Protein chains: 2
Amino acid sequence: MVKDNTTENQILNAARKVFLTKGLAAARMQEIADEAGINKALLHYYFRSKEKLFDRIFSEVIEKIAAGLQSIFKREMVLLDRLHAIVDVYIDVLLENRYLPLFVLNELNHHPERFSVLVKKHIAKHLRKFLTEIQQEVDAGKINPIHPLHLLLNVLGLIIFPFATIPFVSRISDKQYRPIFDTILQERKQVVKQFIEDAITPKSQII
Amino acid sequence: MVKDNTTENQILNAARKVFLTKGLAAARMQEIADEAGINKALLHYYFRSKEKLFDRIFSEVIEKIAAGLQSIFKREMVLLDRLHAIVDVYIDVLLENRYLPLFVLNELNHHPERFSVLVKKHIAKHLRKFLTEIQQEVDAGKINPIHPLHLLLNVLGLIIFPFATIPFVSRISDKQYRPIFDTILQERKQVVKQFIEDAITPKSQII
DNA sequence: GTCTATAAGTAGATAGAC
DNA sequence: GTCTATCTACTTATAGAC
């Protein structure tokens, strides 16, 4: 959320809010205009078309994700620290932007071509390093045997999934849990780190 | 996918395919008609409106999920077996219906009101039982201390998330992994069960 | 840059023939 | 039941005044 009060930023803030919560297909230019306190014509004056405006927001989001990876992989560390860093960084991102998981998953499903070569390259680089690190730890017997891609999927699932289920869980869960679901999300960092550590640490190292 | 070759079933099969992959907002009645090999007017003759047709498909999906829960919770078993049953049943469901996770998460986000009292009740009942079972095992020291809701989220994330990322992972992952991503999904049952078991089993029981 | 008014296209829904 | 043709409403996008 940019603070500069220019019209362009007002539009971007409004578009971010609407696109993230509703997705491309269900978003309405009128709603974005209302949210920005301007009219539809001005949206087109600044961004030409709905799709171009959406692309701008989508790029922002992907860049935010890539920036997280950059901060995590810029220095060397052992795998467990790397895992903890990933959990900490991304749960912080998600706590501030809870609609992000569903938004990204959706748009990647519906428009995988938006995943441009550039961004793809940025993410793939870190991913490759991460998968290699996992394989090395497995080979060295330092963590329980697991295919690196499986561990990646497990970690991402533990981090991301709860943030995609907020309306779901807050509806179906027992009344006693509903008021504390927000607290639950806050606790995810600690819980996920512990869960992963317990799952990958070999028994031999415990005894 | 119903086999009866009645027009109604042809429509339902087409609608299921289109709604599951595109979601309500992006789905087009024309596309459903084409897919069913009939024309738009006939869709309205059979189901009155797009929304009513969607509701029918959505209900089917929720009922499928509820049926899974029913099969799992109909008999008594220890928590670890229950967890294994949940993993087995739902990964089987997802292997046959890979668009289900994103479809459900989306529609629950966009139209939580569709989660009718009836379905809500069906699911909440089993959920309550499951959460209680977890708490009892924690209290008895049989599994590592964890808030039941966190363990639920962890299990669901491990099961569901990979199936929501199929286009994503198959694009960004290294070439060497792309051809085997299908195999990876097949392996999820075994991997997830092992991962959960390792994570929740107390050290004291290992030594 | 910002607005009002309107064009152009699309999608859901209906009328009516067969 | 099934079709073609059409209506109506909505949505994106543009023209043109200020």
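As the structure is a computational prediction, the values presented were derived from the model and not from experiment. All chains are named by letter (A, B, ...) in the order of the sequence lines, taking the proteins before the strands, and each is independently numbered beginning at 1. Heavy-atom basis, side chains included; hydrogens, waters and symmetry copies ignored.
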For the side chain of A:H44, starting at C-beta, report the closest nucleotide among D:dT14, C:dG12, D:dG1. D:dT14
If I take atom NZ in residue B:K52 and atom P in nucleotide C:dG12, what distance separates them, rounded to the nearest angstrom? 15 Å
Using a heavy-atom cut-off of 4.0 Å across all strands, would you classify A:Y45 as base, sugar-phosphate, or nothing? base
OP1, OP2 of D:dT12 versus side-chain N and O of A:R28: anything below 4.0 Å? yes
Okay, side chain of A:R16, backbone of A:I57: is any donor-acceptor separation there less than 3.5 Å? no
Answer with base, sugar-phosphate or nothing: what part of the nucleic acid does B:A27 contact at a heavy-atom distance below 4.0 Å? sugar-phosphate
When rounded to whole Å, the CD1 to C1' distance for the pair B:I11 and D:dT2 reads 10 Å
For the CZ atom of A:F161 and the CG atom of A:L156, what is their distance to the nearest 0.5 Å? 13.5 Å
Rounded to the Å, how far apart are B:F19 CZ and C:dG12 C1'? 11 Å
Nearest atoms (heavy-atom pairs only) where B:L42 meets B:I11: O-CD1, 4.2 Å
Within the structure, does a side-chain N or O atom of A:T7 lie under 4.0 Å from either OP1 or OP2 of C:dT2? yes
Can a donor-acceptor pair be found, under 3.5 Å and without considering hydrogens, that links the side chain of A:K50 to the backbone of A:L24? yes
Output the rounded distance in Å from CG (A:L42) to P (C:dA5). 16 Å
Considering just the side-chain nitrogens and oxygens of A:N39, establish if one lies under 4.0 Å of OP1 or OP2 belonging to C:dC3. yes
Please check: side-chain N/O of B:N39 versus main-chain N/O of B:A41, any donor-acceptor pairing under 3.5 Å? yes
By side-chain contact (heavy atoms from CB on, under 4.5 Å) - contacts of A:Q136 (at least two apart): A:T132
In whole angstrom, what separates B:I32's CD1 from C:dG12's P? 8 Å
Nearest to the side chain of B:K50, which nucleotide is it out of D:dC3, C:dT14, C:dA13? C:dA13
For residues 33-42 of chain A, which residue pairs qualify under salt bridge (charged side-chain N to carboxylate O under 4.0 Å, His left out), counting only residues two or more places apart or in two chains? A:K17-A:E35
B:L53 has an atom CG; how far is it from atom P of C:dG12, in whole Å? 11 Å
Tell me what B:I38 touches on the nucleic acid: a base, only sugar-phosphate, or nothing, going by heavy atoms under 4.0 Å. sugar-phosphate
Please produce a list of atom pairs where a protein N or O lies less than 3.5 Å from an N or O of nucleotides 5-9 of chain D.
none

For A:D34 and C:dT2, what is the distance between atoms CG and P respectively, to the nearest whole Å? 16 Å
Minimum-distance nucleotide to B:M29 side chain [options: D:dA13, C:dG12, C:dT2]: C:dG12
